Amino acid sequence: MRTPVIAGNWKMHKTTGEARALARAIREGMSETDHCQVVVAPPYTALAAVAEEIRSSRVFLAAQNVHWEPKGAFTGEVSIAMLEELGCGMAIIGHSERRQYFAETDETVNRKVRAVVQSQLQAIVCIGETLPQRESGSYHQVITQQLAGGLAGLTHQTLLRIILAYEPVWAIGTGRTASPETAQEVHGSIRDWLSQKFGREAAQQVRILYGGSVKPDNIADLMRQPDIDGALVGGACLEAESFLRIVRFNS
Ligand code: PGA
């Protein structure tokens, strides 16, 4: 019922030339794929080139961030309309690296989410606890707080414009993937929370991705969990071969 999403977050990797080559290899390697939605999120500078490479393919284009204001004196920021014009269909919001290094908070995440759900873009909203929060057992509380803060003001209709990504910070870039059971436990609780807030019907439709050291050899087990609807992939998406093996998780 929920179409899986496999999204590659390229972070601050790939010049325009490199991005073009990777996008082309992904497009060529996945021509027949229809069991999942494939998303690539190159850096801003490569969005136009990648958009050209994936034109009339099944690959979706995402940005790694977006600003909530439509225009103005916000040096270094990029608006929703600028992304839409380039052919972006999605924007990642609140990635833990943005929270950690660029002062992103639940409040700024919420401003972005509220702006994006009023546009043509879909938001991929990231949440997840740090290692000390996991170890102290407070992670459910942390995640609930991020959900309540980040999704404040959404209705059951606008909720359907977002995709969630549970990314435990201790699993990002560390090679330490959450076990399928550990991830499922959180995914299930996220869906319960959504259900209470927005109703069961809406909650059942929201895709919840897992992120954090997703690799070709662990994706299949993760995808077998009932509430894991896809993956947000960092390191393993920078080579077409490994990203395509993740895309083909079902074969
Ligand atoms: P990783 O990154 O796959 O390299 O752990 C995931 C992410 O940050 O989205």
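Side-chain atoms are counted along with the backbone in the values below, which use heavy atoms only and exclude waters and symmetry mates. Please read these numbers as outputs of a predicted model, since none were measured by experiment. Throughout, residue positions are numbered sequentially from 1 according to the sequence presented. Every number for a ligand or one of its atoms is a count from 1 in the order of the listing.
Atom numbering of ligand 1 starts at 1 in the shown order; those under 4.0 Å from a heavy atom of Gly173 are 1 (P), 4 (O), 5 (O). Taking every heavy atom of Gly235 and a limit of under 4.0 angstrom, the matching atoms of ligand 1 come to 1 (P), 3 (O), 4 (O). Proximity to Ser213 (heavy-atom distance under 4.0 Å) selects the following atoms of ligand 1: 1 (P), 3 (O), 5 (O). Below 4.0 Å from some heavy atom of His95 lie the following atoms of ligand 1, by number and element: 7 (C), 8 (O), 9 (O).
Under a 4.5 Å side-chain heavy-atom criterion applied to ILVMFWY residues, the cluster that includes Met90 comprises Val5, Val39, Phe60, Ile92, Ile124, Ile163, Leu209, Leu232 as well.
At a heavy-atom distance under 4.0 Å, no atom of Cys126 approaches ligand 1.
The distance criterion of under 3.5 Å between nitrogen or oxygen atoms is not met by Lys215 with respect to ligand 1. Note: no N/O pair closer than 3.5 Å links Thr174 and ligand 1 by distance alone. The distance criterion of under 3.5 Å between nitrogen or oxygen atoms is not met by Gly212 with respect to ligand 1. Residue Ala236 has no nitrogen or oxygen atom sitting less than 3.5 Å from a nitrogen or oxygen atom of ligand 1, judged on distance alone. Any N or O atom pair closer than 3.5 Å counts here, and Val233 shares no such pair with ligand 1.
The environment of CD in Gln120 is sparse: at most 12 heavy-atom neighbours from other residues, nucleotides or ligands sit within 6.0 Å. Other residues, nucleotides and ligands place more than 12 heavy atoms under 6.0 Å from the CD atom of Glu181. Environment of CD in Glu85: sparse, with no more than 12 heavy atoms of neighbouring residues, nucleotides or ligands closer than 6.0 Å. By the 6.0 Å contact criterion, NZ on Lys215 is enclosed, its count of non-hydrogen atoms from other residues, nucleotides or ligands being greater than 12. By the neighbour-count criterion of 12 heavy atoms within 6.0 Å, atom CD of Gln141 is sparsely surrounded, having that number or fewer from other residues, nucleotides or ligands. Atom NE2 of His156 has 12 or fewer heavy atoms from other residues, nucleotides or ligands within 6.0 Å.
Ligand 1 lies less than 4.0 angstrom from a heavy atom belonging to Lys11. Contact between Ala171 and ligand 1 is present, with at least one heavy atom of the residue lying under 4.0 Å from the ligand. Residue Gly211 places no heavy atom under 4.0 Å from ligand 1.
Listed by chain and residue number, Arg134 satisfy the salt bridge (Lys or Arg N to Asp or Glu O under 4.0 Å) test with Glu129 (two or more places apart in sequence, or in another chain).
The protein atom (non-hydrogen) at minimum distance from atom 3 (O) of ligand 1 is Gly234 N, 2.8 Å.
Selection from Gln64, Glu97, Arg176, Glu167 by nearest heavy atom to atom 9 (O) of ligand 1 gives Glu167.
Using a 4.0 Å cut-off between charged nitrogen and carboxylate oxygen, Asp106 and Arg99 count as a salt-bridge pair.
No side-chain heavy atom of Val214 sits less than 4.5 Å from a side-chain heavy atom of Phe249.
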